[in-house]
Amino acid sequence: MTTTGMRMTWVLDGSGWAICAIEDHQARVELSVSYITNAPEDFLTAVARLLYGETETRAQFEAEPTAYRWIFYRQADDTWIRLLELRDGRDHDNKGTEIWSGQLGIDELVRSVIRCFDEVARTYGESGYRGKWGEHFPRIELEALRRLWHAHRSGGT
């Protein structure tokens, strides 16, 4: 399978805002993300559910009023990701504009997501994260994804 070499970063950008960047060898997109929803927790949970075996999962980042919808698909160890920009978070997928897509192995996806949030924890610390983001660092969801990934890699999922 051809991989995209996806890299994800999450940079806190003012009180209650973050910039999430996604890049591969073909493109880079930056998303503004508001703390008004549980965006990091929902994103980590969607990736964990995909790793656990679901064939389609979703997560959404709100940017007031714009929204960014992640749609993840999985077949065996292959994943496909579509990232849509919507004028309103309540809009149907068909009203969105695809701003990034990628195809990669499930391990590569999970590894890039874990690396991203590990870097966030190292950069800000959990207290600093809460001070800037306004909510707790998603430690529970990150560690659940990490445990599931280790189980997957050792043949447990």
Side-chain angles (χ1 to χ4, degrees), residues 1-12 18-63 67-86 89 92-93 96 98-130 132-133 135-157:
M1 165 177 223
T2 303
T3 63
T4 64
M6 184 180 105
R7 181 169 189 272
M8 179 178 179
T9 57
W10 183 274
V11 178
L12 298 179
I19 301 296
C20 177
I22 306 300
E23 62 185 301
D24 61 18
H25 66 278
Q26 295 178 340
R28 175 183 168 88
V29 294
E30 289 189 355
L31 322 172
S32 292
V33 185
S34 170
Y35 77 104
I36 63 168
T37 64
N38 295 325
E41 294 87 348
D42 293 347
F43 182 82
L44 288 162
T45 299
V47 173
R49 289 176 33 224
L50 196 71
L51 178 60
Y52 191 69
E54 290 189 30
T55 57
E56 180 179 335
T57 64
R58 293 164 177 256
Q60 186 160 299
F61 295 169
E62 295 294 335
Y68 299 99
R69 185 169 300 148
W70 296 83
I71 307 171
F72 300 96
Y73 304 98
R74 179 178 177 186
Q75 182 176 18
D77 284 337
D78 298 335
T79 67
W80 294 265
I81 305 164
R82 292 183 65 215
L83 182 55
L84 305 178
E85 180 177 9
L86 298 120
H92 189 278
D93 292 350
E98 186 175 285
I99 59 171
W100 186 84
S101 65
Q103 177 182 357
L104 59 160
I106 188 70
D107 283 332
E108 185 178 3
L109 170 63
V110 173
R111 182 175 30 255
S112 64
V113 169
I114 289 173
R115 281 182 180 162
C116 170
F117 284 94
D118 281 347
E119 183 63 27
V120 171
R122 275 191 299 276
T123 300
Y124 302 102
E126 295 195 26
S127 174
Y129 178 92
R130 180 163 170 67
K132 285 194 84 156
W133 180 247
E135 298 293 337
H136 290 287
F137 181 78
R139 176 61 61 197
I140 293 169
E141 292 80 4
L142 176 59
E143 294 310 320
L145 177 59
R146 190 185 323 272
R147 281 190 305 276
L148 191 59
W149 187 45
H150 287 303
H152 168 78
R153 292 175 66 207
S154 64
T157 61

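Along the sequence shown, the residues carry numbers beginning at 1.
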Discussion item. I'd like to check the salt bridge (Lys or Arg N to Asp or Glu O under 4.0 Å) partners of Glu135; sequence neighbours left out, ordered by chain and number.
Written reply: none
Worksheet entry | Straight-line distance of Glu143 CD to Leu145 CG, nearest 0.5 Å | 9.0 Å
Worksheet item: What pairs with Arg122 under salt bridge (Lys or Arg N to Asp or Glu O under 4.0 Å), at least two apart in sequence or on another chain?
Response: Glu119
Worksheet item: Taking Ser112 for the side chain and Arg7 for the main chain, is one N or O donor matched with an acceptor at less than 3.5 Å?
Response: no
Worksheet item: Any idea how Phe117 and Trp10 line up, ring-wise: parallel (<30°), tilted (30 to 60°), or perpendicular (>60°)?
Response: tilted
Practice prompt. Mind checking the CG-CD1 spacing from Leu148 to Ile114? Nearest 0.5 Å is all I need.
Written response: 9.0 Å
Worksheet item: Just how far is it from atom CG of Asp24 to atom OG of Ser101, taken to the nearest 0.5 Å?
Response: 8.0 Å
Discussion item. If you count heavy atoms of other groups shown closer than 6.0 angstrom to CD1 of Ile140, is the number above 12?
Written reply: no
Worksheet item: Tell me, which pairs form a salt bridge (Lys or Arg N to Asp or Glu O under 4.0 Å) where one or both residues lie in residues 30-45, sequence neighbours left out?
Response: Arg28-Glu30
Discussion item. Checking the side chain of Tyr124 only, and the main-chain atoms of Leu12 only, is there a donor and an acceptor separated by less than 3.5 Å?
Written reply: yes
Discussion item. Are more than 12 heavy atoms, taken from residues, nucleotides or ligands other than Arg115, located less than 6.0 Å from that residue's CZ atom?
Written reply: no
Worksheet entry | Residues in salt bridge (Lys or Arg N to Asp or Glu O under 4.0 Å) contact with Arg147, at least two apart in sequence or another chain | none
Fill in: Within 6.0 Å of OH in Tyr35, more than 12 heavy atoms from elsewhere
no
Worksheet item: Tell me, do Asp107 and Trp149 make a side-chain contact under 4.5 Å, heavy atoms counted?
Response: yes
Discussion item. Once rounded to the nearest 0.5 Å, what's the spacing between atom CZ of Arg74 and atom CH2 of Trp80?
Written reply: 10.5 Å
Item to complete: Grab the two heavy atoms, one from Val29 and one from Ile99, that are nearest each other, plus how far apart they are.
Response: CG1-O, 3.3 Å
Worksheet item: Residues in salt bridge (Lys or Arg N to Asp or Glu O under 4.0 Å) with Asp118, at least two apart?
Response: Arg146
Worksheet item: What is the distance from atom CD1 of Ile81 to atom CH2 of Trp70, rounded to the nearest 0.5 Å?
Response: 6.5 Å
Under 3.5 Å, which donor-acceptor pairs link side chains of residues 55-63 to any protein atom two or more places apart or in another chain?
residue	atom	partner	partner atom	Å
Glu56	OE2	Arg58	NE	3.1
Glu56	OE2	Arg58	NH2	3.1
Thr57	OG1	Ala46	O	3.0
Arg58	NH1	Asp93	OD1	3.0
Arg58	NH1	Asp93	OD2	2.8
Arg58	NH2	Asp93	OD2	2.7
Gln60	OE1	Arg69	NE	2.7
Gln60	OE1	Arg69	NH2	3.0
Gln60	NE2	Glu62	OE2	2.7
Gln60	NE2	Gly89	O	3.1

Worksheet entry | Rounded distance (nearest 0.5 Å) linking atom OG1 of Thr45 with atom CG of Asn38 | 9.0 Å
